[in-house]
Amino acid sequence: MAKEITPRSQDYSQWYLDIVRKAGLADNSAVRGCMVIKPYGFAIWEKMQQVLDSEFKRTNHVNAYFPLFIPKSFLSREAQHVEGFAKECAVVTHHRLKADPSGNGLIVDPDAKLEEELIVRPTSETIIWNTYKDWIQSYRDLPVLINQWANVVRWEMRTRPFLRTAEFLWQEGHTAHATREEAIAEARMIHDIYADFAENWMGMPVIKGIKTENERFAGAEDTYTIEALMQDGKSLQAGTSHFLGQNFAKAFDVTFLNDSNTQEHVWATSWGVSTRLIGGLIMTHSDDEGLVLPPKLAPLQVVIIPVPKPDAEINEVAEKLKKELESKGISVKYDTDEKSRPGFKYAEYEMKGVPVRVAIGKRDLEKGHAEVARRDTREKNFIPLEGLGAQIETLLDEIQNNLLLKSLRFRQENTHRADDIDTLKSIVDGRGGFVSAHWDGTVETELKIKEMTKATIRCIPLDQKAEEGKCVLTGNPSKGRVVFAKAY
RNA sequence: CGGGAUGUAGCGCAGCCCGGUAGCGCACCUGUUUUGGGAACAGGGGGUCCCAGGUUCGAAUCCUGGUAUCCCGACCA
């Protein structure tokens, strides 16, 4: 029994915080709203980075790095962009401290005030487009396909580890193109990469769609989003890819000469996923016993536990199995710590979401088998030592598939249709989930529905079927259903 | 940024009302016995009681001011 994790049924938020804490993913820090990502949590992020980074490179992107600070004036160049971010910026006003003349400690030196304040980047469009201006002259300079791995700061009023922190880690891609079509194709391609990553690596099914005017990125013409349904019936925006049109090119005066010698503004995209994905990963699979990780992203895939403690005979079998698994590219730990007993270790590794646990004791050796437990279903089986490595390899694939199937089933069971506002409200107020409903396409209606139900339009699904209908609120004509849900 | 609460050992808390040598559980260290689902016993270490001022012979406790965090709202990847 997991004695320290609050059950989901009792308090979902507390459960989430318990998992983050007890699985050793992150700690609160001395800084409000900022967390310390601990080695185990960071290892998951590193795995995510590896996969995404190689996908970006496969699609011809390169990495670069731009400054943490942005001159205040840059932010105001693009009108909607300022509006979207101004309220949550950390600002640097001085560059020096000095001893407090009236006692101990330090004060900000008033003589060290900056000419122009610097904003700690909430996102890098402005500093990057200011730079692109110098890089782009001709259609031959295009496209520019750059990604950066960075931290950003958004001064949020309320924070939760991974899901919303004042500082977070992410990647942000910023691309420049000669044509509208090419930029849109780029934004869509990245959208596909994000969706594939969510499903095939995280085992987290997502709805691919477009944001409504009200929900889209400040400064974008279109925002493509992936939305995942969490266990508590809320939706998590897991990644976005924006078609920025010529907004930033115009704001920063980035033009190029096309092949017929005319000046044009560049077309842009930007796209990002953040450490928020880790929050999504937790809330998609984990249970009351702790974290559950899909094998493809688990820092440790298999743990071998000697029962009750290591000895020469067990060590030999365990080490051999470890080598065999490692030769298949599987990460393995043989836990020879003699201070804690097997039961403690079982609970510990379940808490940490290690996909497969192998227990080997004297009795097992006599019978020529080992006890293999899978974290996702918590099933245990005795499997012959002969061929055990291959069995485990298969089992890891099975777990990966099972987690996706399970989440797909959950989403299916928690996706409903609503044809009137009362139904919409009762679903949202009850178990939550995705609600597919008609909407008349106006911001006013969306806001009114939000006010009444707390649900927002998560997206207009890309695979939206043309379907004549009436808006759930106004009864005005609608051409297709959109997805409502409460959001994180 | 509005409403409410809380800061005492690494973590979780009691003590405060009614001022008098700072405690409990977990964790940690040492030892012994244990060991197939979170071991037991014995001994031990660890504290600017959020900060500053005040009242007092004496403050974790009372008073004033600050500050931080958490919860509920509004705002948001």
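Chain naming here is simple, since letters A, B, ... match the order of the sequence lines and numbering starts at 1 in each. The structure displayed is predicted, hence computed values, not measured ones.
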Going by purine N1 to pyrimidine N3 plus the second Watson-Crick contact, or the G-U wobble pair, all under 3.5 Å, which nucleotide sits opposite [N]?
N      : result
B:rU61 : none
B:rG36 : none
B:rA42 : B:rU30
B:rU69 : B:rA5
B:rG47 : none
B:rU55 : none
B:rG12 : B:rC24
B:rA74 : none

May I have the distance from [X] (atom [atom1]) to [N] (atom [atom2]), rounded to whole angstrom?
X        : N      : atom1 : atom2 : result
A:Asp337 : B:rU35 : CG    : P     : 18 Å
A:Glu371 : B:rG37 : CD    : C1'   : 9 Å
A:Ile5   : B:rG38 : CD1   : C1'   : 12 Å
A:Lys309 : B:rU34 : NZ    : P     : 10 Å
A:Asp364 : B:rU35 : CG    : C1'   : 15 Å
A:Asp288 : B:rG38 : CG    : C1'   : 17 Å
A:Asp335 : B:rG36 : CG    : P     : 16 Å
A:Arg341 : B:rA40 : CZ    : P     : 8 Å

Could you check whether [X] gets within reach of a base, just the sugar-phosphate, or nothing at all, counting any heavy atom under 4.0 Å?
X        : answer
A:Gln14  : nothing
A:Lys339 : nothing
A:Phe168 : base
A:Leu236 : nothing
A:Arg160 : nothing

Between the side chains of [Y] and [X], is the shortest nitrogen-to-carboxylate-oxygen separation below 4.0 Å, so that they form an ion pair?
X        : Y        : result
A:Glu289 : A:Lys22  : no
A:Lys362 : A:Asp311 : yes
A:Asp376 : A:Arg374 : yes
A:Arg8   : A:Asp232 : no

Determine the interatomic distance between [atom1] on [N] and the same-named atom on [M]; round to the nearest Å.
N      : M      : atom1 : answer
B:rA14 : B:rA9  : C1'   : 14 Å
B:rG25 : B:rC63 : C1'   : 34 Å
B:rU8  : B:rG4  : P     : 22 Å
B:rC62 : B:rC24 : P     : 23 Å
B:rG15 : B:rU6  : P     : 12 Å
B:rC76 : B:rC16 : P     : 45 Å
B:rU48 : B:rU33 : P     : 38 Å
B:rC70 : B:rC28 : C1'   : 28 Å

Can a side-chain donor-acceptor contact be found between [Y] and [X] if the only test is distance below 3.5 angstrom?
X        : Y        : answer
A:Thr123 : A:Arg121 : no
A:His242 : A:Thr223 : yes
A:Ser124 : A:Gln148 : yes
A:Arg188 : A:Tyr224 : yes

Whether each nucleotide of nucleotides 2-12 of chain B has a protein heavy atom under 4.0 Å at its base (B), only at its sugar-phosphate (S) or at neither (-) is summarised, 5' to 3', as -----------

Result for 5'-nearest mapping on RNA chain B, choosing between A:Phe162 and A:Lys362, is A:Lys362

Nearest-nucleotide check on RNA chain B, A:Tyr346 vs A:Ser274; residue mapping nearer the 5' end is A:Tyr346

Anything under 3.5 Å between a protein N or O and an N or O of nucleotides 67-76 of chain B, put it in a table, one pair a line.
unit_1 : atom_1 : unit_2   : atom_2 : d
B:rU69 : OP1    : A:Arg32  : N      : 3.3
B:rC72 : OP2    : A:Arg158 : NH1    : 3.2
B:rC72 : OP2    : A:Arg158 : NH2    : 2.2
B:rC76 : O2'    : A:Glu156 : OE2    : 2.8
B:rC76 : O2     : A:Glu156 : OE1    : 3.4
B:rC76 : O2     : A:Arg164 : NE     : 2.1
B:rC76 : O2     : A:Arg164 : NH1    : 2.9
B:rC76 : O2     : A:Arg164 : NH2    : 2.6
B:rC76 : N3     : A:Arg164 : NH1    : 3.0
B:rC76 : N3     : A:Arg164 : NH2    : 3.4

- Item | Gap between atom CG of A:Leu293 and atom CD1 of A:Ile278 - 0.5 Å precision |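 So the CD1 of A:Ile278 and the CG of A:Leu293 are separated by 10.0 Å.
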
Inset, instruction - Measure distances between side-chain N and O atoms of A:Glu289 and base N and O atoms of B:rG37, and say whether any donor-acceptor pair falls under 3.5 Å. - result: no

Exercise for review: Please say which of A:Val302, A:Val332, A:Leu300, A:Ile304 ends up in a side-chain contact (heavy atoms from CB on, under 4.5 Å) with A:Val356.
Suggested key: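 Passing option: A:Val302.
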
> Taking the side chain of A:Pro308 as heavy atoms from C-beta outward, which of B:rU35, B:rG37, B:rG38 is closest to it?
Replying inline: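 Minimum distance to the A:Pro308 side chain belongs to B:rU35.
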
- Query: Is A:Glu199 reaching over with its side chain to a backbone N or O of A:Val206, donor-acceptor style, under 3.5 angstrom?
  - Reply: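 Yes; judged by distance alone, with no hydrogens or angles, the pair exists.
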
Item checked: Residue among A:Phe248, A:Phe243, A:Phe85 satisfying ring pair (Phe, Tyr, Trp, His ring centres under 6.0 Å) with A:Phe217 ->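 Answer after filtering A:Phe248, A:Phe243, A:Phe85: A:Phe85.
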
